Amino acid sequence: MSRRTGNTAARLKQQRWLVVAIAVTLVLAIVSWLSFLIHDARVKALDAANIQVENLSTILKLRVSGLLREADLVLLDIADETHDLSPDLVPAHQQNLRTKLASLPQAGELAIFNSQGELVTALHSNASRWAGLDVSSWLSELRGTRHATSRTDTRNVFNTLGPSVFLLQQLHDRQGHMIGAVCVVLPVSRLLVLLESLDIGTKGVVSLHDEQGTWLARTPTFPAPGVSLPPHGEVRRLATSQSTTQRLLVKSSIDGVERLTSFRRVPNSALILAVGLSTDEILQTLQNSLWIYATASVAVILLVSVMVVLFWRAQNQTLALLQHRKLLEASEERFRLTAEVAPVSLVIAAYPSLQVEFINQRAALLFNIDTAAATGRHVQEFFVAQHDADTLSQLLNNQEQINEFEMQLKRRDGSLFWALVSVRAGQAELDQRLYICLVDITERKELEIQLERQAITDSLTSLVNRRGFVAKAVMEISRSRRFHRPMSLMLLDIDHFKQVNDRYGHAVGDQALQAMARACQQVVRQSDVIGRLGGEEFAVLLPETDILLAEEVAERIRLEVAALRIPVSGENPLWFTVSIGVTLLHLNHQTIEDVMAEADIALYQAKSAGRNRVVRYRPANTSASHK
Ligand SMILES: Nc1nc2c(ncn2[C@@H]2O[C@H](COP(=O)(O)OP(=O)(O)OP(=O)(O)O)[C@@H](O)[C@H]2O)c(=O)[nH]1
């Protein structure tokens, strides 16, 4: 039992650590899963953002290059129609130019130069605005590149227009000689319309640069008007490299926001555009869902932790219970050993069913039964007298413990023995038991009974002596009174017994006394009580007997005694007579002595009247009858 408890405890401890290991693994799995989820979602979000930023910059490139292409076409159209720059032609031609320029709403200025770089005509502007502009270098560049159709320049030539893109186209005479150039000015500020229509979020930036990295345009607009920003380093790097596009994570020196930025050259121009999407915004959706994942994971981890803690506590309680059970088992074992070693017989019975739950070896030997056979039996199976069971049950109703109650008990084989029984009722709520301790006192009890019997027995006649007679008489009187039944008493005294002794000796006298006892026994009923009160005096108690019947019985005794013959060697057999006083129990008698006193008076009267007769007691002034 104890070993089983130990094994269970060890198993519980193992289970406890197993659950903790599972919980830790689960938590680690959740954390790993969450980390993977974060990483994966971030990669996917950045991938999506890369695609988005590339798409946006491509769209923007197409828009800008489309616009430049449109301008180129207008310039080509003008070049196709312009082969002569003579001053008389120009006014007529100007109307045509205006029409062409109207088809290019983003254009701010249009001018035509001759091959010396001199301004021939200008639209939307007066000539003085172009006066300070040295276009000779542009023209030489155009000459150098025979097939070049256009070129761009983003110099801030006209302060009122801001940074602008200058597009130039060679003009040829009909023989194909270069006679000058036509130039259209696209203010960068007008290109902003193209930039602003892109969906770049609240923190996104679209900007336009020249190859030196100069900021030409930006949306949202620059932090403060007039603030000149240093050239964009990444733009310059792209300009000096062979590649046409580049994608980078760039932290802005303007607002400190990190952006995924796509830089892209605008083909056939000196423009580089940049589209940047804020990484914060890219990851915002991710962060929102990650918050949900993280909160759910933390909740799961907390739940798991709480469950582990609760499980741990429950296991602790179970272990504590097992520990208590172990202690209980040890205590039970101690009790069992003590019960076996104790020099007394022990029985434990359930209460109130009174079925035997435990019996020690000593008690089993006492009842001559083995412990298994005794267990489950009703304790009253071992009782002899029902009144003992009643007394014990009554005592237990009034007190918790019964000490040294003497009673007779029965063995399994039916033989009887005396035991000193102590009983204690269990006190605990769950201990509804009787603890019974038995000591075998048969030997002492039998000795006691023997001594008791001796104490009330006359050794010569084997009748009860005065003490025994009085004791029995007291009981009979009480019974007679209780049931209102008549009862008589007679006192008998051998006549002249002294002479018997004197003449025949004491031994013969003793024989006479014994014969007298036998004579009485022969005459009276079994239920009558005969006693030798002392010397040659006897008494007979006659329950259920009225005075008339008592007188008859006394007379029969008297005759029986008179007929006795005691053989005496060498002589005639001895015979003797007896005088008898009889009285009836009545209500005036307080004690047995009162009854005996009346019988004694009648006996005295019998003696006085000449002996060998029966006299009934009569109260004073009534005469006693005699024979
Ligand atoms: N043998 C014998 N004699 C006993 C015993 N007890 C008493 N006696 C004798 O009984 C005699 C009783 O004598 P008393 O009291 O004088 O009476 P009694 O001689 O019978 O004369 P009454 O009673 O007057 O007829 C005494 O001598 C006692 O010694 C006994 O146990 N054995």
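For ligands, and for the atoms within them, numbers begin at 1 and follow the listed sequence. None of these values were measured; they are calculated from a predicted model. Heavy atoms only: backbone and side chains are in, while hydrogens, waters and symmetry mates are out. Each residue takes its place number in the sequence, starting with 1.
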Among Asn501, Thr461, Asp495, which one has a heavy atom closest to atom 1 (N) of ligand 1?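 Considering heavy atoms of Asn501, Thr461, Asp495, the nearest to atom 1 (N) of ligand 1 sits in Asn501.
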Worksheet entry | Options Glu536, Gln511, Arg532, Glu537, ranked by nearest heavy atom to atom 5 (C) of ligand 1, top entry |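 Among Glu536, Gln511, Arg532, Glu537, the closest heavy atom to atom 5 (C) of ligand 1 comes from Arg532.
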**Message:** Need the ligand 1 atom indices (1-based, order shown) with element for anything under 4.0 Å from a heavy-atom of Gly509.
**Reply:**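 Reading through ligand 1 atom by atom, the close ones are 1 (N).
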**OP:** Can you sort out which atoms of ligand 1 are near Asp493, meaning under 4.0 Å from one of its heavy atoms?
**Re:**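 Once the distances to Asp493 are compared, the set is 23 (O).
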Under 3.5 Å between any N/O of [X] and any N/O of ligand 1: does that happen in this structure?
{"X": "Leu513", "result": "no"}
{"X": "Lys498", "result": "yes"}
{"X": "Leu460", "result": "no"}

Q: Applying side-chain contact (heavy atoms from CB on, under 4.5 Å), run through Asp594 and Asn588 and close with a yes or a no.
A: CA-CA 9 Å; Asp594 294 343; Asn588 290 338; over 6 Å; no
Distance-only donor-acceptor hits, side chain of residues 296-316, under 3.5 Å, sequence neighbours excluded:
from   : atom 1 : to     : atom 2 : distance (Å)
Ser297 : OG     : Tyr293 : O      : 2.8
Ser305 : OG     : Ile301 : O      : 2.6
Gln315 : NE2    : Leu12  : O      : 3.3
Asn316 : OD1    : Arg16  : NH1    : 2.3

Nearest-neighbour protein heavy atom for [atom], which is reported as residue plus atom name and distance:
{"atom": "atom 23 (O) of ligand 1", "value": "Lys607 NZ, 2.9 Å"}
{"atom": "atom 18 (P) of ligand 1", "value": "Phe497 N, 3.4 Å"}
{"atom": "atom 32 (N) of ligand 1", "value": "Asp510 OD1, 2.7 Å"}
{"atom": "atom 25 (O) of ligand 1", "value": "His496 N, 2.7 Å"}
{"atom": "atom 6 (N) of ligand 1", "value": "Gly535 CA, 3.2 Å"}
{"atom": "atom 24 (O) of ligand 1", "value": "Arg611 NH2, 2.8 Å"}

(request) Would you mind telling me if ligand 1 is within reach of the side chain of Ile494, the backbone, both or neither, using heavy atoms under 4.0 Å? (result)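 Backbone only; the side chain of Ile494 stays clear of ligand 1.
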### Working for side-chain contact (heavy atoms from CB on, under 4.5 Å), residues Thr25 and Leu28
CA-CA 5 Å; Thr25 310; Leu28 286 176; 5.7 Å; no
*Aromatic rings Phe358 and Phe335: how do their planes relate, parallel, tilted or perpendicular, breaks at 30° and 60°?*
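Correct class here is tilted.
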message = Under a 3.5 Å distance rule, please check whether Ser422 uses its side chain to pair with a backbone N or O of Cys437 as donor and acceptor.
response =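 Between the backbone of Cys437 and the side chain of Ser422 there is no qualifying donor-acceptor contact (under 3.5 Å).
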Without swapping roles, check the side chain of Ser608 against the backbone of Tyr604 for a donor-acceptor pair under 3.5 Å.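 The answer is yes, because a donor-acceptor pair under 3.5 Å joins these two groups.
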Item to check | Ring centroid separation Tyr504 to Phe576 under 6.0 Å | outcome: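 Centroid distance Tyr504-Phe576: not below 6.0 Å, so no.
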Given Met490 and Ile557, is the side-chain contact (heavy atoms from CB on, under 4.5 Å) satisfied, shown in steps? CA-CA 11 Å; Met490 65 174 82; Ile557 293 174; 3.8 Å; yes
task: Look at atom NZ of Lys607 and say whether more than 12 heavy atoms of other residues, nucleotides or ligands are closer to it than 6.0 Å.
output: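 For Lys607, atom NZ is crowded (more than 12 foreign heavy atoms under 6.0 Å).
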